Amino acid sequence: MSNQADRNFLANIGAAFLTFLEAVGRFSAFTGAALSHCLRPPIYFKQLIKQMIDIGFYSLPVVALTTAFSGMVLALQSYTGFARFSAEGAVANVVALSITRELAPVLAGLMVAGRIGASMAAEIGTMRVTEQIDALTTLSTNPLKYLVVPRIIAGLIMMPLLVLVGDVIGIFGGFVVGVYKLGFNAGTYIQNTVDFLEPLDIISGLVKAGAFGFIVTIMGCYHGYYSKRGAQGVGVATTNAVVSASILILIFNYLITELFFSV
Amino acid sequence: MSKKTKIQMSKVYKSFGSNDVLKGVNLEVDEGESMVIIGGSGSGKSVMLKCIIGLIHADNGIIKVDDQDILQMSTKQIEAVNKKVGMLFQGGALFDSLSVWENITFGLRAQGNLSKSDAIDIAQAKLKAVGLRGETAFLLPAELSGGMQKRVALARAIAANPDIIFFDEPTTGLDPIMADVINELIVECVKDLGATAITITHDMASVRKIADKVAMIHEGKIIWTGTVKRMENSGNDHVDQFIHGRSNGPIQMVA
């Protein structure tokens, strides 16, 4: 009896492992095919523009709010900390560095994962379930090219732009709190920010943003594309898209930071 | 005079994991013929249809369209074959973000340059062919009733004047009168285009109206083929049970 149970236990582990490998293989094949289509014409420009507006423009309010408040709270908190060893002057510096290198890309990435990743998975998943993806194929249109490529390219282009705007707004948030609440001189605060900020700080943040844009869109598209039947299938696809994108963003944030750290 | 074979499937197998769906399907459809495939839910009808257009890749066997084997083709070649094919999906599968005319001319515009005004003209002509008014062209699919959506989907399937048309359960979800209207439209469209048609359905009224020939699929195999007339007295227990809709017989439904 226990022998049988052991075997079932091992069989379950084996089956789970096989399922995992299958998913990895399918994801790699999907990503490879999508990327190769990105490089081959035709590109559906109308779809691309639509996605760019959706990712870039309509995510602006959310990203602006998150980065503004992050800059503001960062100024307050770092002031409290630095006041303990009379280093209040470093507030502007800390705000600028944290926003550009870390907070703007990561927070914008997570916000966009929730907003865009979810809607992509739901939309493409619904198209899968209602056979619209099959219909594309029968109408001489490659679904990867029509649905996935514009989303990926839009993510790669718009995320860095969003983060650049987020950088400015976040630093401005810190400036507002610094000048109007903490009593810094406006000129000095700006001077401190500009003096300490290096191009690499901003560039590393934008590289991260590009990577996160790719992660969010590929996860949204992949989970939607392989969505299971029914409303529940689309629901699961949406959840998986957001969760996997968020986790990957945090992991890749560390990896990219380490890459730039050694430069 | 024997007609040319348009579509030929022989010993086609397909499984999903441990679930064997097609277990050696053999089927021949002649040019210009309207073949209807009947069979219960889960008998492999849809999978069989999707194998012919390459939406699902069969594991084994031969699927010839115009004497060329689909399973030996590259994706590019399959795309070329698909240009000759139109398909009406079960739920219509209209693109809900696009207007009716954009839906109808989607395939045509994907295949080549077509100006907007020409596209609208073609769409309106196709709408008239399926009994809808020209103004419908500017509505969105969500603004249409179920029967109208089916008609628009039919217009889209025939827009590129295909030589082969597939109908996946064309009357499912429609009331009996609308179902009859759709059946009549299918007969008309297929005749006008001179196309070869394969329809899968379990609606017997539909079978009697549109079929030249009937094939019955059961447990992943074609178990009977013949004309509609012969179907009524087929002498095959499975066919008899199915066309009369009896729960008792050789086909056991797993509840």
Side-chain angles (χ1 to χ4, degrees), chain A residues 11 14-16 18-19 21-23 25-26 29-30 32-34 36-37 40-47 49-51 53-54 119-120 122-147 149-151 224-226 228-231 234, chain B residues 16-18 46-47 49-57 75-76 78-98 102-114 116 141-142 149 152-153 155-160 162 164-169 172:
Chain A
L18 283 180
T19 313
L21 284 186
E22 194 190 323
R26 196 171 62 175
F30 179 82
S36 87
H37 277 294
R40 281 181 287 156
I43 299 290
Y44 291 95
F45 283 103
K46 213 173 149 192
Q47 298 299 314
I49 302 287
K50 187 169 168 270
Q51 293 302 327
I53 292 172
D54 215 21
S119 86
M120 281 181 183
E123 189 179 345
I124 296 179
T126 306
M127 290 186 74
R128 162 65 69 200
V129 171
T130 57
E131 296 185 304
Q132 290 179 52
I133 292 183
D134 287 342
L136 280 174
T137 311
T138 66
L139 295 168
S140 309
T141 304
N142 185 315
L144 283 182
K145 244 185 173 46
Y146 186 77
L147 295 174
V149 168
R151 286 173 165 80
Y225 204 81
Y226 289 104
K228 297 244 159 46
R229 300 264 148 200
V234 176
Chain B
F16 296 98
S18 57
S46 290
V47 172
L49 206 57
K50 286 182 177 177
C51 282
I52 304 176
I53 34 181
L55 285 173
I56 293 177
H57 195 84
T75 319
K76 269 247 156 63
I78 292 179
E79 279 171 15
V81 172
N82 277 346
K83 285 185 184 171
K84 300 185 288 188
V85 174
M87 175 146 179
L88 174 63
F89 287 87
Q90 191 176 345
L94 294 173
F95 305 124
D96 30 37
S97 58
L98 300 180
E102 287 173 306
N103 264 289
I104 293 174
T105 55
F106 195 94
L108 288 171
R109 288 192 297 152
Q111 285 175 23
N113 286 324
L114 187 64
K116 188 178 165 181
Q149 287 186 5
V152 171
R156 184 175 71 177
I158 61 169
I164 301 172
I165 317 183
F166 296 112
F167 300 100
D168 185 357
E169 307 205 2
T172 301

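Keep in mind that this is a model prediction, so the values were computed, not measured. Residue numbering restarts at 1 for every chain, and letters A, B, ... go by the order of the sequence lines.
Sparse packing is recorded around CZ of A:Phe45, with 12 or fewer heavy atoms of other residues, nucleotides or ligands lying under 6.0 Å away. Atom CD of B:Gln111 sits in a crowded spot, with more than 12 heavy atoms from other residues, nucleotides or ligands closer than 6.0 Å.
When all heavy atoms of A:Glu131 and B:Gln90 are compared, the closest pair comes out as OE1-N, 3.7 Å. Counting all heavy atoms, side chain and backbone alike, A:Ser140 lies closest to B:Ala110 at O-CB, 3.7 Å. Minimum heavy-atom separation, A:Thr130 to B:Ala93: O-CB, 3.3 Å.
Checked options A:Leu139, A:Thr138, A:Asp134; the residue passing with B:Met87 is A:Thr138 (criterion: side chain to side chain contact (heavy atoms under 4.5 Å, CB included)).
Using a 4.0 Å cut-off between a side-chain N of Lys or Arg and a carboxylate O of Asp or Glu, B:Glu79 and A:Lys145 do not qualify as a salt bridge.
Checked against the 6.0 Å centroid criterion, the rings of A:Tyr146 and B:Phe95 do not qualify as a close aromatic pair.
Your options are B:Leu94, B:Leu108, B:Ile53, and the one with the most heavy-atom pairs under 4.5 Å with chain A is B:Leu94.
With a 4.5 angstrom heavy-atom cutoff, A:Leu136 touches chain B via backbone and side-chain atoms both. Both the backbone and the side chain of B:Asp96 have a heavy atom closer than 4.5 Å to some heavy atom of chain A.
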